[in-house]
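These notes are about the structure you will find just below.
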Amino acid sequence: MNSTRTRRVLGSAAATAVAALSVGTLAVPAHAAGPTLSLDVGALIQIQGEPTTQPQFGENVFVRVGRTGTAPVPGATLTLDTTGLVGVAELTASGGRCVTAARAITCDLNNLSSPNVNLTDHLWLSAVPGVKPGTRGVVRAALTAPGAEPAYKDFAVEVGGAVFRTAEIPLKEHAKVGSTFSPAVRFANRGGVSAARAVVEVMLLPGLKVENWPSNCEYATDPGQIGKEGFGTPIATTHAVCTVEGEVLPNEPVRLNGLDLTVTSEAEYTFADFSVFADPNAAAAQGPALRQRLAFQRGTGAPATLTRDTAEGIPSGYPDVNGHFTEQEVLADNGADFALTGTWAPDASGRAGTLTVTAANRGPASIFDRSGGEGTPFVRIQLPEGATVTDLPKNCRANNRVLGETQDRPLNKFDCEAFGFFMANGASSSHVLGVRLDEGTLPLSATVSFQNQHSDLEEGYPSAPMSWDPDPENDRIKVALRSLPAPGPAVPDGGAGTPVEPVAPVVPASVASVADSTGAGTATGGTATTATTARTATGTTGTTGTGTLGLADGGELADSGRGDAVPLAWASATALTLGGAALLTSRRLGRRRS
């Protein structure tokens, strides 16, 4: 989870979805409205001031096209009129679908079958020799198709203008919850003309906040657009746009001051993103799109400022496509208790029922897995022999593999999704399995544990290694599906009328010890000894019926996390009333590999 990660720019979505065409009611028979085309490209594209050769498959103009509805749109054509670039820059396309005639580039998109897709025709802008830095031109773009509502977009091209390149921000480790610090947001103007201001866009993940936004910043809360745009789990983020006035000369390095971050109780691993532009309409700027869907408010604190800084660590030369971006990663001294609970609800026969398993992040931290699944746990349910799944949820699957190798027999093992890559404080997920039990009198228990990619492929993981979890005892539990039968009624001995002690069924020594069963089905805490094994085990006080039952601690389970079906320590010697649901949370019997 906290290993070195590939830098990944999440940000908010680059464009909003196109609204469907609204059709009014007509007095005459109505005809179905045609599709509406969409065209998205940055309002300002900045390129360096000298002619540059296009690298293989390179592009510096990014266009997205789309259409409403579900049917492909035939005959879609993108036209780029470059008349407004004369004396400024040359635009070329090398994707094979585009032809150039005079000052127009025409791209045959054929059947446009997506609502929003990148144009992959390698559009490249290069300055003409001798152009003055800061000069701008215009390209007029049109997306058309027979029977469809066309889309039009003009975008400016600036050659050698002011443009910022950022330095990397050092990782902040061992941050304390409640502490405040100033991120080292440093950048330099690598363009050929001075910048009149710096526009700083900020995105904060849960775990970081600004107590009092500067008065030259506007901020808004996003309820979870990241998840909606395909990242998996919605994440509530905070966005801000800070406009700091003040001239920044060519090649002048500066530092942003007055934007302090506070570490909140949700922080364990988190980060803040910063993008710096000389123009609010720069191609990569998110501010214009964010303002269309979020309600921004202005800060009331002291204004953020720019101060001259050293150039150390700030790359020279004209920035690449991500040159405007930098990120503050934070590792906080904090944790989150991940916990499993399970209930068994038998039907009237006692031979079938529903097994409900719930995985929860009890906080306080929200956990963000940026390592591609290493830290994201799923739930494994290992059923014993004698139990058969009759109804498996769609987000669960049978797993018949051990250390990555498929076995030639079913393992009665099932893996269920628990969380996405972002696991918010308070997040939970439940899975309800239908289970049938074979007839018999022996107790049966299901083992439920957290697992992840590593624990599924390596030996020695009794549950997922979650470094942030301060209480691993509830990462692996057993749920009783059937307990030992209650003792029968007393039988006269035929003499003095002294009752005969009931005899419990004999349990093989290979099975973990069971707690002492005495009285009318009550479990008593203390030390229990079985006649068959002469082992002692510490039990936990509990009640029968719908309450919590104590599980005898039988030491290490035979299941080491390798995934194969193994005998389980019997859950309890306590009688379980049929029809009642028992919530069983045991001490975790396995030990996590360090």
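With salt bridges taken as basic N to acidic carboxylate O contacts below 4.0 Å, one links R293 and D222. Salt bridge status for K172 with E329: absent, with no side-chain N to carboxylate O gap under 4.0 Å. Under the 4.0 Å criterion applied to side-chain N and carboxylate O atoms, R136 and D279 are assigned as salt-bridge partners.
The side-chain hydrogen bond (donor to acceptor under 3.5 Å, both in side chains) analysis of residues 201-215, with sequence neighbours excluded, yields the pairs N212-T300. Legend: salt bridge (Lys or Arg N to Asp or Glu O under 4.0 Å) pairs involving residues 81-96, not counting sequence neighbours, sorted by first then second residue: E90-R103.
In this structure a side-chain-to-backbone donor-acceptor pair under 3.5 Å is missing from T77 to T144. Of the possible polar contacts, one joining the D320 side chain to the N322 backbone as a donor-acceptor pair under 3.5 Å is found. Not one N or O on the side chain of N111 forms a donor-acceptor pair closer than 3.5 Å with the backbone of S113. Judged by distance alone, with hydrogens and angles left aside, the side-chain atoms of R67 form a donor-acceptor pair with the main-chain N or O of G69 at under 3.5 Å. Counting only distance, with no hydrogens or angles, the side chain of N281 and the backbone of L44 share no donor-acceptor pair below 3.5 Å. The main-chain N or O of Q297 is never found under 3.5 Å from a side-chain atom of Y219 such that the two would form a donor-acceptor pair. The backbone N or O of A167 sits less than 3.5 Å from a side-chain atom of T326, completing a donor-acceptor pair. Without hydrogens or angle criteria, N189 side chain to V248 main chain gives a donor-acceptor distance under 3.5 Å. Checking side-chain atoms of E268 against main-chain N and O of L331 turns up no donor-acceptor pair under 3.5 Å. Of the possible polar contacts, one joining the N361 side chain to the M423 backbone as a donor-acceptor pair under 3.5 Å is found.
Closest heavy-atom contact between P133 and V193: O-CG1, 3.6 Å. For the residue pair I105 and L91, the shortest heavy atom distance occurs at CD1-O, 3.4 Å. Of all heavy-atom pairs spanning P319 and G323, the tightest one is CB-CA, 3.7 Å. Across all non-hydrogen atoms, the minimal contact from A267 to A332 is O-CB, 3.6 Å. For the residue pair I45 and G42, the shortest heavy atom distance occurs at CG1-O, 4.3 Å. Heavy atoms only, all atoms of each residue included: V159 and G49 are closest at CG1-CA, 3.5 Å.
Rounded to the nearest 0.5 angstrom, L119 CG and C107 SG are separated by 5.5 Å. With values rounded to the nearest 0.5 angstrom, H239 atom NE2 is found 5.0 Å from L290 atom CG. One finds the CG atom of L143 at 6.0 Å from the CG atom of L39 (value rounded to the nearest 0.5 Å). With rounding to the nearest 0.5 angstrom, the CZ atom of R140 is 11.0 Å from the CG atom of L85. In this structure, the separation between CD on E149 and OG on S38 is 12.0 Å, given to the nearest 0.5 Å. How far OG1 of T92 is from CH2 of W124: 8.5 Å, rounded to the nearest 0.5 Å.
Considering only residues two or more places apart in sequence or on other chains, S275 meets the side chain to side chain donor-acceptor pair (under 3.5 Å) condition with none of them. Applying the side-chain contact (heavy atoms from CB on, under 4.5 Å) criterion to E218, with sequence neighbours excluded, gives R291, F296, R298. For the side chain to side chain donor-acceptor pair (under 3.5 Å) test, no residue two or more places apart in sequence or in another chain qualifies with N110. Partners of F274 under the ring pair (Phe, Tyr, Trp, His ring centres under 6.0 Å) rule, at least two apart in sequence or in another chain, do not exist in this structure. With sequence neighbours left out, K132 forms a side-chain contact (heavy atoms from CB on, under 4.5 Å) with T135. By the side chain to side chain donor-acceptor pair (under 3.5 Å) test, E50 is found to be paired with no residue, residues two or more places apart in sequence or in another chain being considered. In this view, F378 satisfies the ring pair (Phe, Tyr, Trp, His ring centres under 6.0 Å) rule with no residue, not counting sequence neighbours. Residues satisfying the ring pair (Phe, Tyr, Trp, His ring centres under 6.0 Å) criterion with F419, sequence neighbours excluded, are F338. Remark: Q328 pairs with no residue by the side chain to side chain donor-acceptor pair (under 3.5 Å) rule, at least two apart or across chains.
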(request) Take L457 and L403, measure what side chain to side chain contact (heavy atoms under 4.5 Å, CB included) needs, and give me the verdict at the end. (result) CA-CA 4 Å; L457 296 175; L403 298 181; 5.8 Å; no

(request) Take I235 and F421, measure what side chain to side chain contact (heavy atoms under 4.5 Å, CB included) needs, and give me the verdict at the end. (result) CA-CA 10 Å; I235 305 176; F421 71 102; 3.9 Å; yes

(message) Between D337 and N474, is the side chain to side chain contact (heavy atoms under 4.5 Å, CB included) condition met? List the steps.
(response) CA-CA 9 Å; D337 179 21; N474 51 19; 3.4 Å; yes

(request) Could you give me the CA-CA distance, side-chain angles and deciding distance for D309 and V254, then say whether side chain to side chain contact (heavy atoms under 4.5 Å, CB included) is met? (result) CA-CA 5 Å; D309 201 83; V254 294; 5.5 Å; no

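With contacts defined as side-chain heavy-atom distances shorter than 4.5 Å, the pair V63/D40 does not qualify. In this structure the side chain of L204 never reaches within 4.5 angstrom of the side chain of F271, judged on heavy atoms. Between V157 and V138 there is no side-chain heavy-atom pair separated by less than 4.5 Å. At a threshold of 4.5 Å between non-hydrogen side-chain atoms, the residues L205 and T237 count as touching. Considering only heavy atoms from C-beta on, F187 stays 4.5 Å or farther from R165 through its side chain. For the pair V210 and T238, the minimum side-chain heavy-atom distance is 4.5 Å or more. Between L123 and F62 there is no side-chain heavy-atom pair separated by less than 4.5 Å. Residues N251 and R190 are in side-chain contact: their nearest non-hydrogen atoms beyond the backbone lie under 4.5 Å apart.
Close placement of the H324 and F277 rings is indicated, their centers lying within 6.0 Å of each other. Between Y461 and H454, a ring centre-to-centre spacing not shorter than 6.0 Å is recorded.
With no hydrogens or angles considered, no side-chain donor-acceptor pair links S463 and D475 at under 3.5 Å. S366 and E266 are linked by a side-chain donor-acceptor pair at a separation below 3.5 angstrom, with hydrogens and angles left out of the test.
Annotation: R97, atom CZ; neighbour count of heavy atoms from other residues, nucleotides and ligands within 6.0 Å is above 12. Within a 6.0 Å radius of CD in E417, no more than 12 heavy atoms belonging to other residues, nucleotides or ligands are found.
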Report, one line per pair, each donor and acceptor closer than 3.5 Å where one atom sits in a side chain of residues 255-263; sequence neighbours left out.
unit_1: N257; atom_1: ND2; unit_2: T307; atom_2: OG1; d: 2.7
unit_1: D260; atom_1: OD1; unit_2: S182; atom_2: OG; d: 2.5
unit_1: T262; atom_1: OG1; unit_2: T180; atom_2: OG1; d: 2.9

